[in-house]
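Position 1 is the first residue of the sequence, and the numbers go up from there.
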Amino acid sequence: MRQLPSQLSRRSFVAAGACATVASLGVLAGCATETAAAPEPKEETPEAPEPAAEPAADLADTGEENVIYIVDRLVAKPGDGKAVLDDFMANMKPLIEGAGWTLKRVTVSPAMWLDTDSNIIEIEWTMADIVQAAWAYSSGTRYNPEYVQWWATMSDRLVSNDRVYSAPEGYMEVLNNV
């Protein structure tokens, strides 16, 4: 199972997006006078071999080295898990995909629909370009009455909901250099 490294808070994500937008606009307007150099490789010192671990996915091969992961975590009221997921997939998925995000996977825990307890539904999205995708999503959903109304009606069907943004460790240098 793949873990999502380097959690970003919403505030950090918005700040990074705002800074990246300003920097991008400066470059587009010809205001930038220099570009950031790639970090210099560090010399490695030989160490004792560690026990063999599960090989990590090579992000360069998957093309996922510069993506942001977004996980929507919905905790449905007891007995309402399947209905919440079906409603989300029918109504929200097209709106969010239309705003530029890509659905990566949906997981449900526990791995069965519960009648007397809550299911936890995690919907993982990716966005390839933090500046364009973040602003496209924000402008495509924030003022969309369908999006706002759907979340308003869900408050009666959810125990809680949360959204977490994260990025691969290798992308942090880019995100922190704005």
Working note: Leu158 + Val75, criterion side-chain contact (heavy atoms from CB on, under 4.5 Å); need CA distance, chi angles, decisive distance, verdict.
CA-CA 6 Å; Leu158 297 175; Val75 180; over 6 Å; no
If the condition is side chain to side chain donor-acceptor pair (under 3.5 Å), which residues does Glu146 pass it with, not counting sequence neighbours?
none
Can Asp72 and Asn161 be said to form a side-chain contact (heavy atoms from CB on, under 4.5 Å), step by step?
CA-CA 7 Å; Asp72 286 322; Asn161 69 296; over 6 Å; no
Ring-plane angle category for Trp151 and Phe88, please: parallel below 30°, perpendicular beyond 60°, tilted otherwise.
perpendicular
So, do Val108 and Ile120 sit near enough that their side-chain heavy atoms are less than 4.5 Å apart?
no
Cationic N near anionic O, under 4.0 Å, Arg73 to Asp162:
no
For the atom pair CG (Leu103) and CH2 (Trp125), what is the distance rounded to the nearest 0.5 Å?
5.0 Å
Path from Leu95 to Val106 over hydrophobic side-chain contacts below 4.5 Å:
yes
Here the pair of heavy atoms bringing Ile68 nearest to Tyr165 is CG2-CD2, 4.3 Å
Hey, any chance Val164 and Val159 share a hydrophobic cluster, counting ILVMFWY side chains that come within less than 4.5 Å of each other, even indirectly?
no
Does Asn66 reach the main-chain N or O of Tyr171 with its side chain, forming a donor-acceptor pair under 3.5 Å?
no
What's the separation between atom CD1 in Ile121 and atom NZ in Lys82, rounded to the nearest 0.5 Å?
10.0 Å
So salt bridge (charged side-chain N to carboxylate O under 4.0 Å, His left out) across residues 150-159, not counting sequence neighbours, yields Asp80-Arg157, Asp87-Arg157
Closest non-hydrogen atom pair, Leu114 against Asn119
N-OD1, 3.0 Å
Met92 vs Tyr147, test: side-chain contact (heavy atoms from CB on, under 4.5 Å). Steps then yes/no.
CA-CA 7 Å; Met92 290 305 291; Tyr147 182 86; 2.9 Å; yes
Decide whether Met89 and Val84 are clustered together by the hydrophobic rule: side chain heavy atoms of Ile, Leu, Val, Met, Phe, Trp, Tyr closer than 4.5 Å, transitively.
yes
Here the pair of heavy atoms bringing Tyr69 nearest to Glu124 is CD2-OE2, 3.0 Å
Just jot down the ring pair (Phe, Tyr, Trp, His ring centres under 6.0 Å) partners of Trp113, sequence neighbours excluded, or say none.
none
Separation between CD1 of Ile96 and CH2 of Trp101, rounded to the nearest 0.5 Å:
6.5 Å
Side-chain contact test, heavy atoms from C-beta onward, threshold under 4.5 Å: evaluate it for Arg163 versus Ile70 and give yes or no.
yes
Where do Leu74 and Met154 land on the side-chain contact (heavy atoms from CB on, under 4.5 Å) test, with the steps shown first?
CA-CA 10 Å; Leu74 310 175; Met154 289 310 292; 5.8 Å; no
Output yes when a side-chain donor or acceptor of Ser118 lies under 3.5 Å from a complementary backbone atom of Ala76, and no otherwise.
yes
